[in-house]
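Take a look at the structure set out below.
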Amino acid sequence: MHREVREKILQCLKKVDISLTKPIGLEIPKRESYGDISTPVAMDLAKDLKKSPKQIAELIVNNLDKDIFESIEIANPAFINFRFKKEYLFLKLKELLNLGEKFFSIDLGKGKKIQIEFVSANPTGPLHLGHGRGAAVGQALANILKEAGFHVHTEYYINDAGRQIELLGMSVYVALQRLNGKDLPMPDDCYKGEYINEIAQEINEKYGQQIYEKSFDEVGDFLIDYSYKKILNEIKKDLEDFGVVFHNWVSERKLYHTGEVQRAIIKLKELGYIYEHEGALWFRSSAFGDEKDRVVVKSDGSYTYFASDIAYHKNKIERGFHELINIWGSDHHGYIKRVIAAVQALGMNAEQIKILLIQMVNLLREGVPVQMSKRAGNFVTLRELIDEIGTDTTKFIFLTRRHDSHLEFDVEVAKRQSQENPVYYVQYAHARINSIFEKAQWHPKDLDFEIFNEDEIRLLKKILLYPMIFEFAVSMREPHRITFYLQDIAGEFHSYYHKYKVINEDRTLTETRLSLCKALMFVLRHGLRMLGVKAPDRM
RNA sequence: GCGCCUGUAGCUCAGUCGGAUAGAGCAACUGCCUUCUAAGCAGUGGGUCAGGGGUUCGAAUCCCUUCAGGCGCGCCA
């Protein structure tokens with residue numbers, strides 16, 4: 001619906017020979033008295049055209065094709081407020097009913113290839129809350145972008161090389177020794193969670209003394225391999241149960257083994273961005289706005305983590321994506337500039353890579369902050385949330401915040417609150433509608449939309465504006481906007497449901513109201529599907 | 001010390017890259033189940049948008065500054 005408005009304004013501007021410098025802004029007015037949809041475009045144009053905003057607004061209104069509007073008003077300072085004709089609304093409703101959820105598919109992507117890399121947690125321990133948040137956002141983003149016509153490719157980058165993974169092996173080794181009566185202290189930088197002991201236990205049962213009697217040098221590689229693979233499998237299972245699916249899993253090790261890391265450095269050297277200083281090789285990231293240059297090959301000849309990351313991004317670029325989206329924990333923010341610098345050095349525009357930071361999740365229990373440390377083994381896992389709170393609630397809570405705002409997650413409240421939880425509110429609306437359709441047969445033949453009352457028209461308008469919200473969520477890369485809309489429209493429905501009987505003695509009225517419910521059902525299903533949340537038939 | 005993020009109702013948070021009289025949910029209080037699901041509805045109260053300056057027709061939004069909180073600042077990963 002909003003697209004027709006935008007289209008008409010564009011046509012009109014063309015007609016009066018005004019060119020735009022930025023896209024036409026459309027808003028849903030705060031007050032109903034301001035109309036159904038509104039644009040501040042006249043005010044935006046005022047500066048460029050050196051005319052009063054009001055004059056421009058009048059010019060636009062006078063030259064506008066008004067067929068779908070009941071009224072168009074100019075309000076102070078120079079908003080143009082549109083109100084749709086009922087017949088037009090009914091036309092759109094019929095279209096929606098015919099198409100179902102396909103009504104909401106739009107082609108904004110035009111086949112553009114986007115890669116989203118998210119979660120990418122080190123396989124040194126179970127996924128925790130923060131990873132869950134990244135997973136929920138990443139998956140929802142993938143869903144909406146795909147729905148909007150982008151070719152979306154999701155990927156998990158496995159940091160299965162380097163120091164952390166070695167520490168994992170060492171942790172298991174020490175746990176194994178302790179299990180067999182040796183009084184070895186667990187080194188400070190080792191992982192201490194219960195899962196380490198479980199892995200040690202498992203290895204002990206399977207292999208016993210042929211492992212623990214040997215030195216770490218002898219069995220380290222085996223332990224590392226065994227442990228990280230086991231953990232990675234757990235991670236995969238957790239994500240699967242959380243409804244998150246990756247098209248691809250990329251191994252950091254592999255980038256080393258195939259020589260891609262080396263080739264990436266050579267490539268940068270050829271491009272003139274690598275120089276030697278104090279025995280190390282540096283990448284000239286300062287040429288792209290980073291505070292200082294960064295080491296890629298240490299003076300002892302080994303690569304830094306950054307080197308493999310460059311290789312990984314080079315690999316992404318070579319696969320021909322038009323846009324890369326990386327979803328990181330906010331504690332990596334200091335890393336952004338150098339990665340964007342590397343991507344630019346390798347020939348991509350800065351606009352083609354977006355790094356979304358997922359802010360910290362502050363964990364509370366009954367209002368009391370819980371200190372989380374992966375190494376200390378003191379944290380709430382995603383698995384725990386899935387089991388105790390459920391995937392739908394967990395996802396919904398994660399998606400009821402902007403990704404870059406801090407989130408307080410009180411586990412006890414989320415568990416206890418199951419009755420007042422916003423996700424149930426939305427799902428309940430769907431279940432209620434479904435129960436209506438279980439009681440009534442819907443034969444959308446003798447519809448008479450003219451009998452809609454004020455409340456029904458309002459609900460219909462809100463339903464028909466969902467595509468605008470959806471489009472906005474897509475272009476801003478902000479799935480949480482859908483979450484808020486769903487809560488809003490669910491509220492409208494509950495209110496309506498309470499006030500009117502959908503099934504009643506009047507055949508035509510019943511059919512017509514059922515049509516409205518059907519339309520809303522499509523919206524709820526679509527929105528929930530985008531968030532990765534179930535739309536249950538009964539509750 | 002430098003950098004990034006945040007500061008909106010008692011609490012948790014929205015607020016369409018500058019727009020109209022700042023919005024939800026929770027909590028509190030008052031009502032509503034013989035009627036399509038009460039995981040619901042109707043209503044009431046609640047704000048100097050952290051403080052101060054600036055930019056302009058117009059600021060929660062942009063700039064400067066102060067304060068408060070979080071997170072980063074290795075030839076670690």
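Bear in mind that the values here come from a model prediction, so they are computed numbers and not experimental data. So you know, we letter chains A, B, ... as the sequences are listed, proteins then strands, and number each from 1.
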E388(A): which residues meet the side-chain hydrogen bond (donor to acceptor under 3.5 Å, both in side chains) condition with it, sequence neighbours left out? K415(A)
Not counting sequence neighbours, which residues clear side-chain hydrogen bond (donor to acceptor under 3.5 Å, both in side chains) with K518(A)? List them please. none
Any strand is fair game: report the nucleotide pairing with G40(B) by Watson-Crick or G-U wobble, both distances under 3.5 Å, or none. C32(B)
Report the residues that fulfil side-chain hydrogen bond (donor to acceptor under 3.5 Å, both in side chains) with S52(A), sequence neighbours left out, ordered by chain and then residue number. Q55(A)
Using atom P in both nucleotides, what's the gap between C32(B) and A38(B) to the nearest angstrom? 16 Å
Syn/anti state for C33(B) [syn: chi within 90° of 0]: syn
D36(A) and R458(A) ion-paired at < 4.0 Å: no
Along RNA chain B (nearest heavy atom to each residue), the more 5'-positioned of G162(A) and R401(A): R401(A)
Of the nucleotides A14(B), U16(B), A39(B), which one has an atom closest to the side chain of F484(A)? A14(B)
Which nucleotide, G3(B), C57(B), U6(B), lies nearest any side-chain atom of E291(A)? G3(B)
For A59(B), give its Watson-Crick or G-U wobble partner with both distances under 3.5 Å, or none. none
Could you tell me how far G72(B) sits from C29(B) if I compare only their P atoms? Round to whole Å. 42 Å
Distance check: side-chain N/O of S495(A) vs OP1/OP2 of A42(B), anything under 4.0 Å? yes
Under the rule for side-chain contact (heavy atoms from CB on, under 4.5 Å), what residues qualify as partners of H403(A), not counting sequence neighbours? V137(A), L356(A), I358(A)
Closest to the H498(A) side chain: A42(B), C13(B), G40(B)? G40(B)
Across all strands shown, which nucleotide pairs with G46(B) by Watson-Crick or G-U wobble geometry, both distances under 3.5 Å? none
Name the closest nucleotide to the R538(A) side chain, picking from U37(B), C36(B), C13(B). U37(B)
Is the phosphate of A77(B) approached by K298(A) (side-chain N or O, under 4.0 Å from OP1 or OP2)? yes
Short side-chain N/O contact from R432(A) to OP1 or OP2 of A38(B), under 4.0 Å: yes
Taking protein heavy atoms under 4.0 Å as touching, what does nucleotides 67-72 of chain B look like 5' to 3' if B marks base contact, S marks sugar-phosphate-only contact and - marks none? --BSBS
Nearest-Å distance once atom P is located in both A14(B) and G25(B): 16 Å
More than 12 foreign heavy atoms under 6.0 Å from CD of E454(A): is that the case here? no
Whole-Å C1' distance, G47(B) and U21(B): 14 Å
Looking at R402(A) and D404(A), is there a salt bridge between them, counting it only when a charged N and a carboxylate O are closer than 4.0 Å? yes
Pairwise P distance, U48(B) and U6(B) [rounded to whole Å]: 23 Å
Residues E408(A), R401(A): salt bridge by 4.0 Å N-O rule: no
Looking only at side-chain atoms of Y428(A), point me to the closest of G74(B), U37(B), C13(B). U37(B)
Is there aromatic stacking of Y34(A) against A20(B), centre distance under 5.5 Å, plane angle under 30°? yes
Considering only the P atoms, how many Å lie between G3(B) and C64(B), rounded to the nearest integer? 11 Å
Suppose you measure atom C1' in U16(B) against the same atom in U35(B); what distance do you get, rounded to whole Å? 41 Å
Short side-chain N/O contact from S405(A) to OP1 or OP2 of A14(B), under 4.0 Å: yes
Determine the Euclidean distance between corresponding P atoms of A28(B) and C71(B); express it in Å to zero decimal places. 32 Å
K534(A): partners by side-chain hydrogen bond (donor to acceptor under 3.5 Å, both in side chains), with sequence neighbours left out: D392(A)
Taking only the side-chain nitrogens and oxygens of K337(A), find out if one of them lies under 4.0 Å from OP1 or OP2 of C4(B). no
When S38(A) and V502(A) are each assigned the nearest nucleotide of RNA chain B, the 5'-most assignment goes to S38(A)
